[in-house]
Structures are given as structure tokens and as C-alpha cells.
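Here the structure is laid out as C-alpha cells; the discussion comes afterwards.
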Protein chains: 2
Amino acid sequence: MSCSSEYVPQLRALGYRMTPQRMAILHVLRHEGTHLSPAEVYKKALLELPGLTEPTVYRTLEFLADLGLARPAYATNGRLTYEIAGNDHHHLVCKHCGDEIEVEHTLLESLYRLLETTSGYRSIGSHVTFFGICPKCQKN
Amino acid sequence: MSCSSEYVPQLRALGYRMTPQRMAILHVLRHEGTHLSPAEVYKKALLELPGLTEPTVYRTLEFLADLGLARPAYATNGRLTYEIAGNDHHHLVCKHCGDEIEVEHTLLESLYRLLETTSGYRSIGSHVTFFGICPKCQKN
DNA sequence: GTAGTTATTGTAAAAACTTGCAATAAGGAA
DNA sequence: TTCCTTATTGCAAGTTTTTACAATAACTAC
């Protein structure tokens with residue numbers, strides 16, 4: 001239960017509070033690792049914290065994403081999913097079968113630099129999902 | 001009204017049909033140019049074609065996107081929007097004020113090549129939205 | 001500890017989006 | 001033209017996501 005308390009100082013420093021709801025949701029994200037839909041997070045977190053509601057899950061996931069603790073990503077069906085922020089990577093999803101692989105962030109870094117210098121924008125770097133056809137589907 | 005009939009052959013060739021609904025929606029997309037939410041498309045297309053329904057708008061937008069005639073893009077609020085497919089470009093959206101600029105596709109091409117060779121995936125290239133902080137917001 | 005401030009939650013309802021299925025109508029063939 | 005096939009639509013209901021606001025509880029200061 002207290003395994004996510006390491007986030008407390010980070011929240012406090014920004015004027016936010018740690019709550020059982022945030023603990024439970026962070027715990028689910030950390031435990032699962034992969035992309036989770038809000039509904040999946042809700043279902044799993046509800047087991048740890050009966051009484052938790054869906055609006056709280058949606059708000060908390062967005063909150064965690066704003067803080068950079070969770071990373072949002074769009075699934076093949078266009079729906080938003082989340083995963084715990086860890087090693088910085090992106091995704092490449094197969095348009096046919098939905099299989100996905102991770103894309104190292106370093107591959108994108110020079111592109112971001114280029115965009116920054118040509119556009120004047122700063123802090124470019126949010127999570128990006130690419131779509132393509134995976135090797136398996138290329139044979140079918 | 002017939003200004004979108006140029007799409008007819010392309011639909012036919014794939015076994016699809018041109019309908020007044022698709023005409024109206026294509027017309028709205030072409031006339032507006034910028035990103036439109038499904039609700040906005042519905043409101044505008046309804047004026048051209050009374051009786052049009054929302055499910056049809058959602059289905060048609062997805063259909064046009066699948067065919068490459070419309071390009072989906074995620075707005076700052078995470079909601080899906082569409083624009084008519086024309087010159088191939090991407091978007092860079094300011095996380096603060098929502099302002100956006102276009103990013104030439106050519107900037108991404110070498111990245112796509114790299115992804116293809118390292119991942120084995122093919123046909124990488126769907127539309128990507130980047131987020132950053134625009135020059136104006138950097139001063140505030 | 002107790003009290004005060006206010007971030008956060010739950011509730012209830014609305015808005016946005018999706019789905020199944022029967023009815024319609026687009027396009028091909030006679 | 002008329003008939004036939006089936007892609008596409010509208011309807012109705014469902015699911016997902018968001019919002020407003022009053023109640024709660026996390027943290028601070030005393």
C-alpha cells in the first residue's frame with residue numbers, strides 16, 4: 001500500500017496532496033506496466049480501494065499525466081490509455097493486428113532539436129505513437 | 001453540391017458508394033480547411049443535408065480517415081478532430097495556449113526510414129501531433 | 001492534539017461517442 | 001427502366017468520458 005509513497009514529496013512540493021485514490025491508481029499503473037484504459041485502471045484499483053469512482057480515475061490519470069508521472073498514449077481504436085512513466089520511449093503500432101513495439105526516445109531527439117530551431121517552440125517531447133505494418137502482417 | 005464528386009471514382013474503385021451524407025461531410029471538411037470536431041462537422045453538414053445524424057458523421061469521418069481522404073488529429077484536450085487530406089503535414093501544438101503550426105512531412109521522413117530499418121515495420125507515416133511551448137508562451 | 005484552509009473526492013447529470021439491427025438507397029445487371 | 005444485391009443510413013439504446021458543485025479529508029499552523 002505504501003509502495004507508492006515515494007511520490008509524496010513530489011506532489012507536496014507542487015502543492016498537491018497524496019490520497020488513497022492516487023496511491024491505488026499509481027499502484028495499479030506501476031504493477032501492470034503496460035498500457036491501461038481508464039476502465040481497466042478503475043476495475044483494478046477498485047479492488048484495492050472499494051468506493052473509488054470513475055470520475056476520480058479519469059481526473060487522476062490526467063493529473064498524473066500532467067505531472068509526468070503517467071504517460072498517455074492512444075491505442076489503435078483511438079482511445080486513450082496510460083502507463084507509468086519510466087524509461088522514456090514511444091510506440092510503433094501495427095495498423096493491422098495492433099501489435100506494438102517500443103521506440104527509443106533517442107531516435108526522436110534530433111527531430112525535436114530540429115523542430116525547436118525551425119519553429120521557435122520549446123520543450124517539445126510529448127509521447128508519440130507511430131502506426132505502420134508489422135513484419136508478420138506484411139506477409140499476409 | 002457536386003463539388004466533391006471528384007472522389008466518386010476513388011470510392012467506386014474500392015467497392016464503396018458515394019452518398020449525400022458523404023458528399024455533405026466532405027464538402028464541410030474541404031470548405032473549412034482546419035481541424036473540426038465531429039460535433040462541428042455535424043452542425044455544419046446538417047445545414048447542407050437536413051436529417052443527417054451524428055452516428056453517420058462519426059462513421060463517415062472514420063471511413064474517410066481510413067481511405068486517407070481525411071486526416072485525424074488529436075486536439076490539446078485529447079479529443080479527435082479531422083481535416084481534409086491535402087498537403088502532407090503534421091502539427092506542433094502549444095501545451096499552454098493551444099496555438100498550432102504545421103510541420104512539414106519532409107522533416108519526419110528520415111525518421112520514418114530509420115524506424116523502418118530498425119523495426120521491420122513498413123508504411124510508417126500516419127499523422128503525428130507534437131506538443132511543445134510556443135514562443136509567445138515562453139515569455140509569460 | 002485541534003482548528004482552518006483548500007485540494008480532492010463522490011454524486012448526479014450531461015455530453016460525447018459507439019454499437020446492433022432493421023430500413024433504405026446506391027450502383028450493377030438484365 | 002426495373003430488379004437485385006449489399007453498402008450505408010437512421011434509430012434507439014448503450015457505453016465512455018466530462019462537468020458542476022457540495023461534502024470530505026489532507027496538510028499546515030497553532
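So that the names make sense, note that chain A is the first sequence line, chain B the second, and so on, each numbered from 1.
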Please work out if B:Arg22 contacts a base, only the sugar-phosphate, or nothing of the nucleic acid, heavy-atom cut-off 4.0 Å.
-> sugar-phosphate
From the options C:dA12, C:dT19, D:dT8, select the nucleotide whose nearest atom is closest to the side chain of B:Pro55.
-> C:dT19
Which whole-number value in Å describes the distance from B:Leu36 CG to C:dA16 C1'?
-> 16 Å
Is B:Arg59 touching bases, backbone alone, or none of the nucleic acid, heavy atoms closer than 4.0 Å?
-> base
Rounded distance (Å) that lies between atom P of D:dA7 and atom CD of B:Glu62 | 17 Å
Nearest to side-chain heavy atoms of B:Thr19, which nucleotide of D:dA26, C:dA26, D:dC11 | C:dA26
Which whole-number value in Å describes the distance from B:Met18 CE to D:dT9 P?
-> 10 Å
With a non-hydrogen cut-off below 4.0 angstrom, is A:Leu80 in contact with a base, only sugar-phosphate, or nothing?
-> nothing
Spacing of B:Met23 atom CE relative to C:dA25 atom C1', expressed in whole Å = 15 Å
Separation of atom CG in B:Leu11 from atom C1' in D:dT8, rounded to whole Å | 12 Å
Nucleotide nearest A:Gln21 (side chain, heavy atoms from C-beta), chosen from D:dT8, C:dG10, D:dA12 = C:dG10
Options D:dT17, C:dG28, D:dG10, nucleotide nearest the side-chain atoms of B:Leu52 | D:dG10
When you measure from the side chain of B:Arg17, which nucleotide among D:dT28, D:dT5, D:dT9 comes out closest?
-> D:dT5
Contact nearer the 5' end of DNA chain D, comparing B:Asn77 with B:Leu49 = B:Leu49
Can you tell which of C:dG10, D:dT17, C:dG28 lies closest to the side chain of A:Glu54?
-> D:dT17
Would you please indicate if the ring centroids of B:Tyr42 and B:Tyr58 are separated by under 6.0 Å?
-> no
From the list D:dT16, D:dA7, D:dT18, which nucleotide is the closest neighbour of the side chain of B:Tyr16?
-> D:dA7
With respect to the side chain of B:Pro20, which nucleotide from C:dA26, D:dT18, D:dG10 is positioned closest?
-> C:dA26
For A:Glu40 and D:dT16, give me the distance from atom CD to atom P, rounded to whole Å.
-> 11 Å
Is B:Thr56 near enough to D:dG10 that one of its side-chain N or O atoms lies under 4.0 angstrom from OP1 or OP2?
-> yes
Approximate separation, where rounding is to 0.5 Å, of B:Thr53 OG1 and B:Leu46 CG | 9.5 Å
With a distance cut-off below 6.0 Å to the six-membered ring centre and an angular limit of 45° from the axis, does A:Arg79 pair with A:Tyr74 as a cation-pi contact?
-> no
Between A:Glu83 and A:Thr34, what is the shortest heavy-atom contact and its length?
-> CB-O, 3.9 Å
Taking D:dT17, C:dT9, C:dC17 as options, the one with an atom nearest any side-chain atom of B:Pro38 is C:dC17
Distance, rounded to the nearest Å, where A:Tyr58 contributes OH and C:dA14 contributes C1' = 15 Å
Closest listed nucleotide, where the reference is the side chain of A:Arg79 and the choices are D:dT17, C:dT9, D:dC27 = D:dT17
Length of the CG-C1' vector between B:Leu46 and D:dT9, whole Å = 15 Å
Do A:Arg30 and A:Glu6 meet the salt-bridge criterion of a basic N to acidic O distance under 4.0 Å?
-> yes
How long is the span from the CD1 atom in B:Ile84 to the CG atom in B:Leu26, to the nearest 0.5 Å?
-> 5.5 Å
